[in-house]
Amino acid sequence: MPPLILDCDPGHDDAVAILYAARRTRLLGITTVFGNQSVERTTRNALSILTLAGLELPVAMGADGPLVGARIDGGDVHGASGLDGAELPTPTAAPDRRSAVEFMIEAAHAHQGELVLCATGAMTNFALALEAEPRLATWLAGISAMGGTIQVGNTTPVAEFNIYADPEAADRVLQSDVPLKLVGLNVTRQVGVDEAEIAALRQGGRVARAIGDLLAFFRESLRRVHGLSTASLHDPCALLPLTRPEIIDYRDLPVSIELQGALTRGMTVVDFRTVDPTKVGSIRPSVATRAEIALTVDAAAAKAEILSALHEYG
Ligand code: RIB
Ligand code: CA
């Protein structure tokens with residue numbers, strides 16, 4: 001199991017990703033970013049979840065806005081705190097003295113060729129770290145991110161929240177040639193917990209009960225805002241390639257991030273064509289940037305795997 005940093009914006013599904021990663025991966029620490037709420041709130045939420053579960057891990061605060069443009073926030077879905085819906089403990093630890101960028105670079109230098117970064121929010125911290133230390137691209141074993149979609153969007157008709165929050169950052173990460181896995185809404189929306197699974201969590205131990213309350217709030221938000229009937233476990237899906245690689249199928253494909261389009265900014269444009277553009281002058285060539293794009297999932301196995309880890313906490 002490779003050493004891992006989880007860069008996140010807790011956020012309800014990020015909270016599940018933290019608890020899952022702490023049980024099932026070699027989690028070195030957490031870095032936080034703006035997105036579902038301000039970075040001050042997402043950092044507090046990460047520390048709160050660690051306190052809830054009795055976990056001692058460094059949490060290094062990161063960027064509070066995108067490389068370009070205004071900060072978006074997901075308060076309409078995740079609430080004013082970014083993690084509404086449960087009584088969570090006041091954090092017993094403070095944020096790490098290092099910034100997210102410093103923490104990422106230090107860890108990658110110490111674990112050259114091994115470290116995996118998991119992104120479950122905007123990719124701003126990774127982009128800034130790559131800019132601060134270009135050798136990071138050779139030190140990293142890979143990045144596994146929750147982001148994008150090959151079908152319907154959420155923040156816009158065609159763009160997914162994490163990419164839309166900072167398209168320039170996602171583009172820089174893509175251009176860095178660090179091996180990138182992207183699991184998008186087309187997969188993660190299939191991995192949604194329903195009322196019965198939430199009720200089962202609420203019958204569990206202290207941690208499971210709190211997560212059950214959080215997911216009940218999240219499910220209601222997704223119903224109200226997006227008309228969904230389950231609470232999508234978007235973010236923990238980005239960890240499954242490390243822990244249960246048979247659950248999600250990825251395919252290596254050309255992909256680019258739309259930065260300009262008035263209607264399409266933040267869209268992940270995946271090229272599924274098989275034509276050889278060199279043979280037909282009218283066809284636009286494919287892009288050079290590639291990533292492994294998640295296409296299918298064993299949703300039942302994904303939910304069972306993630307929920308089993310949550311029930312292991314007291
Ligand atoms: O589009 C889903 C993503 O946006 C998830 O990471 C969720 O936490 C929000 O950040
Ligand atoms: Ca997130």
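Note that the structure is a prediction, hence the values are computed from the model and not measured.
In this structure, the side chain of Asp14 engages the main chain of Asp9 through a donor-acceptor pair within 3.5 Å. A donor-acceptor pair is defined here as one N or O able to donate and one able to accept, closer than 3.5 Å; such a pair exists between the side chain of Asp166 and the backbone of Leu67. The backbone N or O of Asp194 sits less than 3.5 Å from a side-chain atom of Glu197, completing a donor-acceptor pair. A distance-only check finds no donor-acceptor pair linking the side chain of Asp96 to the backbone of Ala60 [under 3.5 Å]. Judged by distance alone, with hydrogens and angles left aside, the side-chain atoms of Arg41 form a donor-acceptor pair with the main-chain N or O of Ala80 at under 3.5 Å. Between the side chain of Asn186 and the main chain of Gln151, no donor-acceptor pair closer than 3.5 Å is present. Counting only distance, with no hydrogens or angles, the side chain of Thr51 and the backbone of Thr92 share a donor-acceptor pair below 3.5 Å. Judged purely by atom type and a 3.5 angstrom limit, Glu258 uses its side chain to pair as donor or acceptor with the backbone of Gln260.
The closest side-chain donor-acceptor pair between Asn125 and Thr31, if any, does not fall under 3.5 angstrom. Side-chain contact check for Thr243 and Arg23: no donor-acceptor pair (N or O, by modelled atom type) lies under 3.5 Å.
Annotation: the span from Ile5 atom CD1 to Leu115 atom CG amounts to 5.0 Å, rounded to 0.5 Å. Rounding to the nearest 0.5 Å gives a distance of 6.5 Å between CE of Met61 and CD of Glu40. To the nearest 0.5 angstrom, Phe272 atom CZ is 11.5 Å from Ser286 atom OG. Of the inter-residue distances, the one linking Ile72 atom CD1 with Tyr164 atom OH reads 6.0 Å to the nearest 0.5 angstrom. Note that the CG atom of Leu88 and the CG atom of Leu47 stand 12.0 Å from one another [nearest 0.5 Å]. Note that CD1 of Ile30 is 8.0 Å distant from CG of Leu55, once rounded to the nearest 0.5 Å.
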Salt bridge (charged side-chain N to carboxylate O under 4.0 Å, His left out) evaluation trace for Arg24 with Glu312: CA-CA 11 Å; Arg24 293 280 195 277; Glu312 288 172 11; 2.8 Å; yes

One pair to check against side-chain hydrogen bond (donor to acceptor under 3.5 Å, both in side chains): Thr42 and Asn45. What are the steps and the verdict? CA-CA 5 Å; Thr42 62; Asn45 292 338; over 6 Å; no

Name each donor-acceptor pair under 3.5 Å that joins a side chain in residues 249-257 to protein atoms two or more places apart or in another chain, with its distance.
{"residue": "Asp249", "atom": "OD2", "partner": "Thr296", "partner atom": "OG1", "Å": "3.0"}
{"residue": "Asp252", "atom": "OD2", "partner": "Arg290", "partner atom": "NE", "Å": "2.7"}
{"residue": "Asp252", "atom": "OD2", "partner": "Arg290", "partner atom": "NH2", "Å": "3.2"}

Could you pull out all donor-acceptor pairs under 3.5 Å where a side-chain atom in residues 137-146 meets a protein atom, sequence neighbours excluded?
{"residue": "Thr138", "atom": "OG1", "partner": "Arg135", "partner atom": "O", "Å": "2.6"}
{"residue": "Trp139", "atom": "NE1", "partner": "Gln112", "partner atom": "OE1", "Å": "3.3"}
{"residue": "Ser144", "atom": "OG", "partner": "Ala238", "partner atom": "O", "Å": "2.6"}

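Within the hydrophobic cluster formed by Ile, Leu, Val, Met, Phe, Trp and Tyr side chains joined at under 4.5 Å, directly or through other members, Val269 is accompanied by Val158, Met267.
Residues Pro2 and Leu242 approach most closely at CG-CD2, 3.6 Å, considering heavy atoms. Closest of all the heavy-atom pairs between Arg224 and Asp76 is NH2-O, 3.3 Å. Contact between Leu201 and Gly212 at its shortest, heavy atoms only, is CB-CA, 3.9 Å. Minimum heavy-atom separation, Val59 to Ala46: CG1-CB, 4.1 Å. For Asp7 against Val33, the heavy-atom pair with the smallest separation is OD2-CG1, 3.9 Å.
Pairs engaging residues 191-225 under the ring-ring contact (aromatic ring centres under 6.0 Å, His included) rule: His12-Phe217, His12-Phe218, His78-Phe218 [sequence neighbours left out]. Screening residues 206-218 for salt bridge (Lys or Arg N to Asp or Glu O under 4.0 Å), with sequence neighbours left out, gives Arg202-Asp213.
The side chain to side chain contact (heavy atoms under 4.5 Å, CB included) check on Ala199 picks up nothing, with sequence neighbours excluded.
A 4.5 Å side-chain heavy-atom check between Asp235 and Cys8 finds every atom pair outside the cut-off.
Under the 4.5 Å side-chain heavy-atom criterion for grouping Ile, Leu, Val, Met, Phe, Trp and Tyr, Leu28 is not connected to Ile49 through any hydrophobic cluster.
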